[in-house]
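Some notes on the structure that comes next.
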Amino acid sequence: MVLFILMALIIFFLYEPYGKTFLHYWSSDSFLLTHFFLEFMSISICFVIAILGCVMYPLTKSRYILMFSLLFFHVGIFDGIHTLSFTGMPFGLNPDAATWFWIIARMAESTGLILIFAKPDIPTNLRSVKTVAIITAIAGIAISVVWYQSVVFLPALIVTGPNSPTEFRTIVEYIISFLRPVTLIMVIYRYLLAKSLSGIYIIQAVIMESIGELIYVIYNNDSDPIICHIYKVIGYFYFLKGVYFTTIKDYFNNRKSAEERFTILFHTNPCMMAISTLSGKYVDVNEAFTQNIGVDREDIISKSITDIDLGDGGSIAAKLRQMLREQGQIRNEEIQYITSFKEGKTAYLSADIIDFGINKCALIIMTDITERRSLEKEFLRLDRLNLVGQMAASIGHEIRNPLTTVRGYLQLFQMRKDSLDMTKAAAVMIEELDHANTIITEFLTMAKNKRSEFSKININEIINSLLPLIKANALETGRTVKTQLGAVTEISLDTREIRQVVLNLVQNAIEATDCGGIITIRTSEENNEVILTVENDGKKIPPEVLDQLGTPFFTTKDTGTGMGLAICYSIAARHNAKLKVESTDNITRFDIRFDS
């Protein structure tokens with residue numbers, strides 16, 4: 001930039017001794033042609049700046065860009081009429097007309113630049129740039145026509161010919177020359193000593209305009225020097241570059257940088273993310289989306305949302321399009337879908353309309369909450385178990401004492417021989433009291449503060465000790481029990497409680513299978529966990545029943561109490577183990593995972 005200014009100043013100082021010689025060899029025809037060519041260049045640059053500003057303003061909302069566009073549009077019109085008013089040109093009827101529009105253009109430019117940089121560049125919100133552009137064009141043309149027609153009424157700028165300025169014109173020229181350095185100071189201040197590339201170009205433009213103005217005023221106030229117009233064209237060119245870097249290049253560089261950051265965030269985000277057209281075609285999906293859905297990215301791109309089967313019959317796609325059309329966005333809409341692995345999942349669906357390139361698209365975000373919903377159900381179940389356990393601990397013993405007393409008196413009645421009816425009634429009452437006592441025992445088993453007696457033992461030993469009883473019970477009901485006991489390490493268990501869990505799970509499996517069904521008891525170890533599995537080939541458990549399993553008093557059996565699985569969950573919780581249920585069309589599996 002310093003070298004550039006030095007070269008401009010050298011030309012400025014050399015113009016006095018060599019400028020006249022240069023013009024001496026310039027014929028009038030070539031002078032007019034060169035003058036016209038340079039004016040045509042400057043006018044073209046003015047309109048390019050105006051068009052560039054109108055196109056880029058909606059994207060940048062820059063006050064500077066908007067005012068640059070309006071200013072240089074008018075300067076271009078004034079310079080255009082100035083050029084058409086040369087001698088020999090269509091409007092060349094009044095010599096003062098060309099000079100007046102030359103003065104108007106430079107005055108408008110110098111004062112306009114001061115007005116632009118008088119305030120910082122802040123975002124503005126102009127709704128219709130097209131309307132403003134049309135009004136500006138009409139106003140500029142109207143002002144030019146009125147001014148051209150009024151030239152005869154304005155002060156004269158030349159006296160005896162095109163080379164003799166009046167005193168009024170000289171004063172105006174010096175005013176314009178004074179405004180140039182004022183503009184330069186304001187530009188340097190606004191651009192913080194030209195720290196930005198666009199600021200450097202704007203400063204260079206103002207310097208070129210200032211030097212050209214000084215050459216015109218100081219050395220050639222009685223002529224129309226070519227060198228002044230060369231400086232003017234170069235200055236306008238640097239204005240164009242400054243606006244270009246402020247708008248197009250900076251905008252697209254920032255956009256490219258933003259798109260790169262978005263791409264990184266998009267593809268590395270742990271949430272499922274997809275971009276689709278508003279008509280419903282996938283544009284892009286991230287890795288989390290493909291892994292969760294179970295479909296390769298290449299098989300999703302350019303496909304319709306309805307083409308990717310989520311096991312919902314297209315209802316998610318229809319809901320997505322409808323809500324975006326009506327509301328413009330979606331926030332945490334809970335959906336149920338099925339992956340390609342036939343795994344049912346729950347997710348929050350959110351979507352927004354975004355600008356993707358030159359098109360509007362929908363950004364879809366799905367947050368998997370399957371595990372969260374599972375934990376919520378587990379917490380609810382454990383909360384209920386805790387409540388039942390507290391009740392059991394509080395009232396179990398109090399109820400047992402009177403029941404024991406009543407049972408004792410009923411046994412005395414049974415021993416009497418004088419009343420057969422009383423003996424039968426006593427037997428029925430004793431049976432019901434024993435049933436009530438069994439329920440109370442189960443209550444106490446679920447008590448949170450129940451003491452467990454842990455000891456290191458191999459779970460296979462507990463299962464082997466129960467096998468004769470289990471197989472006899474299964475054989476009696478026409479079922480088969482198989483075992484697949486793997487090598488597992490010893491863990492801390494309450495033997496009596498684990499026996500109860502195994503018996504409860506196997507009994508449930510026997511009751512859930514038809515005659516001839518197979519129940520499998522399996523043990524294994526993986527990831528520092530000992531796994532006990534009880535599996536049967538019965539019918540699939542309906543989802544609404546599966547969600548309620550383990551809830552106290554919930555049962556599908558006519559004679560059940562709904563306490564068996566609740567006890568299993570309670571015992572698993574006391575062992576810091578996880579009990580998980582899976583049910584498909586052919587297999588129902590209960591897994592208990594103990595930390596080894």
Side-chain angles (χ1 to χ4, degrees), residues 59-61 248-312 314-325 327-379 526-529 578 580 593:
L59 301 176
T60 62
K61 300 297 182 182
I248 295 180
K249 190 163 185 178
D250 287 353
Y251 172 79
F252 284 107
N253 283 343
N254 292 337
R255 185 180 181 91
K256 182 180 179 182
S257 177
E259 287 177 353
E260 289 174 352
R261 292 194 298 270
F262 174 80
T263 300
I264 294 173
L265 292 173
F266 179 83
H267 287 288
T268 59
N269 200 301
C271 293
M272 295 173 284
M273 299 183 72
I275 299 173
S276 76
T277 63
L278 297 183
S279 61
K281 280 193 174 182
Y282 284 110
V283 177
D284 200 2
V285 294
N286 68 350
E287 187 176 352
F289 189 94
T290 58
Q291 289 181 350
N292 205 286
I293 300 298
V295 182
D296 291 336
R297 182 173 180 270
E298 292 74 17
D299 297 330
I300 297 177
I301 304 302
S302 299
K303 295 286 184 65
S304 172
I305 293 178
T306 54
D307 293 338
I308 306 301
D309 183 19
L310 297 178
D312 63 324
S315 62
I316 294 176
K319 180 186 293 186
L320 176 66
R321 283 197 292 264
Q322 180 183 358
M323 295 186 73
L324 282 177
R325 186 169 55 251
Q327 304 173 15
Q329 63 178 14
I330 301 174
R331 287 289 179 270
N332 293 335
E333 183 75 14
E334 189 168 321
I335 61 169
Q336 310 288 332
Y337 66 97
I338 299 175
T339 69
S340 61
F341 309 114
K342 304 301 180 184
E343 183 181 2
K345 291 198 172 186
T346 305
Y348 277 148
L349 173 67
S350 297
D352 272 297
I353 297 177
I354 62 170
D355 290 325
F356 192 73
I358 60 174
N359 300 315
K360 288 191 177 296
C361 291
L363 175 62
I364 304 166
I365 303 174
M366 294 170 60
T367 306
D368 187 2
I369 58 169
T370 307
E371 189 67 24
R372 174 180 169 182
R373 286 287 180 260
S374 177
L375 289 174
E376 287 176 353
K377 292 175 183 177
E378 186 67 19
F379 285 141
E526 62 180 34
N527 298 328
N528 296 322
E529 289 182 330
K578 306 179 191 70
K580 185 179 179 182
R593 294 176 175 266

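Side chains included, hydrogens not; waters and symmetry mates left out as well; all remaining heavy atoms used.
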Next on the checklist: Quick check: do His267 and Arg297 have side-chain heavy atoms less than 4.5 Å from each other?
Outcome noted: yes

Checklist entry - Arg331 and Ala351: which non-hydrogen atoms are nearest, and at how many Å? => result NH1-O, 3.6 Å

Next on the checklist: Just so I know, are the side chains of Gln329 and Leu363 near enough to count as touching, which here means a heavy-atom distance under 4.5 Å?
Outcome noted: no

Item to check | Test side chain to side chain contact (heavy atoms under 4.5 Å, CB included) applied to Thr346 - qualifying residues, sequence neighbours left out | outcome: Glu334, Gln336, Ile369, Thr370, Arg373

Checklist outcome for this item: Note: Cys271 and Asn286 closest approach over all heavy atoms is O-ND2, 2.9 Å

Anything under 3.5 Å between a donor and an acceptor, one on a side chain of residues 288-295, the other on a protein residue two or more places apart or in another chain? List them.
unit_1, atom_1, unit_2, atom_2, d
Thr290, OG1, Glu287, O, 2.8
Gln291, NE2, Glu287, OE2, 3.0
Asn292, OD1, Tyr337, OH, 2.5

Next on the checklist: Out of the candidates Asn332, Ile365, Asp368, only one should pair with Tyr348 under the side chain to side chain contact (heavy atoms under 4.5 Å, CB included) rule; please name it.
Outcome noted: Asn332

Checklist outcome for this item: Output for pair (Met273 CE, Thr268 OG1), nearest 0.5 Å, gives 9.5 Å

Item to check | Distance (rounded to the nearest 0.5 Å) between Lys303 NZ and Glu298 CD | outcome: 11.0 Å

Next on the checklist: Once salt bridge (charged side-chain N to carboxylate O under 4.0 Å, His left out) is applied, what residue pairs with a partner in residues 272-281 remain, sequence neighbours excluded?
Outcome noted: none

Checklist outcome for this item: With sequence neighbours left out, the residues meeting salt bridge (Lys or Arg N to Asp or Glu O under 4.0 Å) with Lys580 are Glu582

Checklist entry - Partners of Lys578 by side chain to side chain contact (heavy atoms under 4.5 Å, CB included), sequence neighbours excluded? => result Glu529

Checklist entry - Roughly how far apart are Ile301 CD1 and Asp296 CG, rounded to 0.5 Å? => result 11.0 Å

Item to check | Distance-minimising heavy-atom pair for Lys360 and Leu278 | outcome: O-CG, 3.7 Å

Item to check | Results of side chain to side chain contact (heavy atoms under 4.5 Å, CB included) for Leu265 - residues two or more places apart only | outcome: none

Next on the checklist: Minimum heavy-atom separation for Val285 and Ala274, please, with both atom names.
Outcome noted: CG1-CB, 3.6 Å

Item to check | Heavy-atom pair of closest approach, residues Cys361 and Ile275 | outcome: CB-CG2, 3.8 Å

